[in-house]
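Below: the structure, in structure tokens.
Because only heavy atoms are used, hydrogens play no part in the values below, and waters and symmetry mates are left out as well, while side chains stay in. The sequence lines fix the lettering, A, B, ..., with proteins before strands; numbering per chain opens at 1.
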Amino acid sequence: MPELPEVEMICRMLRERILNQKVISVNVLLPRIIREGDLNTIVGSVFTRVYRQGKFICFDLDNELKMYAHLRMTGTFLWQDDLPKKPSHVRVEIEFEKGTLLYRDIRTLGGIWIAENGKPPWKKMGVDPFDDEFTSERLSEMFDKRKIAVKQALLDQSLIAGLGNIYSSEALFKANIHPGRTAGSLDINEITRLRDAIKEILTAAIEAKGTTFRDFQLSDGKEGGFQDFLSVYRKEGLLCSRCGTQIERIVQAQRSTYFCPKCQG
DNA sequence: ATATCTGCCTGCTCGC
DNA sequence: TGCGAGCAGGCAGATA
């Protein structure tokens with residue numbers, strides 16, 4: 001499940017592969033992946049910039065068009081020439097002058113938007129954890145009086161952009177905060193710990209080229225390495241690396257949360 | 001305004 | 001061996 005580090009890795013690959021190249025042709029194998037606009041309209045355009053907004057990938061073209069992509073659970077971009085053979089579940093192909101970009105998505109929850117007016121597909125984008133604005137003061141304002149669990153607050157993309165289920169659990173463990181605490185109940189010391197933990201976890205995950213759990217793979221088909229450094233995610237019943245207590249799993253908002261009941265008590 | 005619930009999707013794992 | 005149930009979960013949209 002691509003979260004900020006995985007999306008960041010894909011952005012870096014895309015910059016290496018498709019910048020300043022003209023689109024020769026497109027092939028939409030599954031039409032509903034194109035959520036808005038017509039992919040054919042990008043033929044002949046040159047991609048001039050690729051960047052990330054939360055978990056969205058944003059593409060600037062050399063005209064009025066903008067393209068956006070969200071990978072959701074199982075989406076990814078692959079550079080065909082880097083692969084030994086063509087993968088399954090390819091939903092969209094974009095042929096460039098120097099090769100072909102594949103959009104692969106097993107569960108087809110992801111999507112691509114072509115915006116003629118440049119308008120992004122998201123409603124409200126929260127602060128990016130690597131932005132200077134991501135301070136403990138800002139986090140404190142976001143959480144103030146909020147009654148939702150802090151784990152759920154971390155997943156709210158209109159507050160903080162880029163965290164998903166894996167890194168939310170990991171950050172709370174690193175900050176020694178119980179995931180069930182209400183967001184509004186955290187004091188400034190806890191908020192500062194959490195803010196620092198989020199940045200540290202995401203930085204380490206990017207260094208390890210992301211977490212591969214089931215589906216995620218890098219542009220060349222290789223796997224990320226951060227799954228080897230996870231402390232709690234998917235480790236129910238295993239012993240906490242810090243204190244030896246069994247890791248527990250709870251369900252919050254229909255999603256699994258993993259934590260150490262002693263360290264995060 | 002905030003909080004909660006549902007539907008979207010496919011592949012894998014588990015129990016019978 | 002086959003098969004259905006349960007699960008993985010990000011997000012939009014609906015509802016409370």
Side-chain angles (χ1 to χ4, degrees), chain A residues 1-8 10 28-36 52-58 68-78 87-92 102-113 115 119-126 128-129 141-172 179-186 198 202 205 210-217 223-224 226-227 230 232-237 247-259:
Chain A
M1 46 226 74
E3 303 181 30
L4 188 153
E6 292 76 30
V7 176
E8 179 63 31
I10 289 172
V28 179
L29 295 103
L30 184 62
R32 63 182 156 75
I33 292 293
I34 310 299
R35 305 300 182 91
E36 180 194 329
R52 182 182 60 70
Q53 289 277 280
K55 297 181 214 171
F56 278 90
I57 303 170
C58 312
Y68 299 93
H70 198 298
L71 309 174
R72 293 279 185 107
M73 296 301 295
T74 54
T76 194
F77 281 104
L78 299 163
S88 59
H89 305 94
V90 172
R91 310 305 187 183
V92 174
L102 308 175
Y103 176 71
R104 176 179 196 246
D105 194 340
I106 296 173
R107 289 168 63 185
T108 71
L109 294 169
I112 293 173
W113 290 255
K119 189 173 178 288
W122 60 82
K123 280 204 175 124
K124 187 189 174 203
M125 183 65 70
D128 193 281
E141 285 167 24
M142 286 175 200
F143 285 1
D144 186 40
K145 297 186 176 64
R146 295 292 295 264
K147 287 191 163 53
I148 51 167
V150 60
K151 162 71 174 356
Q152 289 168 250
L154 293 181
L155 292 175
D156 186 338
Q157 302 298 300
S158 70
L159 299 177
I160 305 168
L163 291 178
N165 214 35
I166 297 175
Y167 298 115
S168 297
S169 277
E170 292 295 317
L172 286 165
R181 294 270 303 280
T182 62
S185 73
L186 269 57
I198 289 168
L202 293 176
T211 299
T212 292
F213 181 69
R214 288 205 179 145
D215 303 313
F216 177 72
Q217 50 184 347
E223 299 188 339
F226 197 68
Q227 61 278 6
L230 295 175
V232 290
Y233 183 76
R234 281 243 142 190
K235 298 202 180 286
E236 180 184 19
I247 302 298
E248 289 183 10
R249 170 184 174 270
I250 56 174
V251 175
Q252 297 178 288
Q254 286 114 296
R255 277 165 222 174
S256 293
T257 300
Y258 300 87
F259 69 106

Handout entry: From B:dC9, B:dG11, B:dA3, nucleotide with atom closest to A:Thr108 side chain
Key = B:dC9
Practice task
Look at the aromatic rings of A:Tyr167 and A:Phe226 and report parallel, tilted or perpendicular, splitting at 30° and 60°.
Solution key: tilted
Completion exercise
Taken to the nearest whole Å, CD1/A:Ile33 to P/B:dC9 is 9 Å
Practice task
Pick base, sugar-phosphate or nothing for A:Leu109, based on heavy-atom distances below 4.0 Å to the nucleic acid.
Solution key: base
Exercise for the section: Work out which heavy atom in A:Ala153 is nearest to a heavy atom in A:Phe143; give both atom names and the distance. Expected result: CB-CE1, 3.7 Å
Problem - Sequence-distant partners of A:Phe56, ring-ring contact (aromatic ring centres under 6.0 Å, His included), two or more places apart - result: A:His70, A:Trp113, A:Trp122
Practice task
Report the secondary structure of DNA chain B in dot-bracket form, marking unpaired bases with a dot and bases paired to a different strand with |, and treating Watson-Crick or G-U pairs with both distances under 3.5 Å as paired.
Solution key: .|||||||||||||||
Problem - Distance below 4.0 Å between A:Arg107 side-chain N/O and C:dG10 OP1 or OP2 - result: no
Problem - 5' precedence on DNA chain B between A:Gln152 and A:His89 (nearest-nucleotide basis) - result: A:Gln152
Practice task
Could you state the atom-to-atom distance from CZ of A:Arg249 to C1' of C:dG9 in whole Å?
Solution key: 12 Å
Problem - A:Thr74 side-chain N/O to C:dA8 phosphate OP1/OP2 under 4.0 Å - result: no
Practice task
Please state how far atom CD in A:Gln252 lies from atom P in C:dC7, giving the value in whole angstrom units.
Solution key: 16 Å
Problem - Whether A:Gln157 side chain and A:Met125 backbone form a donor-acceptor pair below 3.5 Å - result: no
Practice task
Nearest whole angstrom, please: distance from the P of B:dA1 to the NZ of A:Lys145.
Solution key: 16 Å
Fill in the blank from the handout: For A:Pro129 and A:Ala161 the tightest heavy-atom approach is CD-O, 3.1 Å
Fill in the blank from the handout: In terms of heavy-atom contacts, A:Ser168 and A:Leu154 come closest through OG-CB, 3.7 Å
Problem - Separation of atom CE in A:Met73 from atom C1' in C:dG10, rounded to whole Å - result: 7 Å
Practice task
Look at A:Arg52 together with A:Asp128 and state whether they make a salt bridge at an N to O cut-off of under 4.0 Å.
Solution key: yes
Handout entry: Nearest heavy-atom neighbours spanning A:Asp105 and A:Gly110
Key = OD2-N, 3.0 Å
Problem - Nearest-neighbour nucleotide for the A:Arg32 side chain, C:dG10, B:dC9, B:dT4 considered - result: B:dC9
Practice task
Identify which one of A:Lys151, A:Arg249, A:Gln152 satisfies the side chain to side chain donor-acceptor pair (under 3.5 Å) criterion when paired with A:Thr257.
Solution key: A:Lys151
Handout entry: Length of the line joining A:Asp105:CG and B:dT10:P, which is rounded to integer Å
Key = 10 Å
Problem - Separation of C:dG9 P from A:Tyr258 OH (nearest whole Å) - result: 6 Å
Problem - Reading 5' to 3' through nucleotides 11-16 of chain C, protein heavy-atom contacts under 4.0 Å coded B for base, S for sugar-phosphate only, - for none - result: B-S---
Handout entry: Whole-Å distance separating the CG atom of A:Leu154 from the P atom of C:dG9
Key = 15 Å
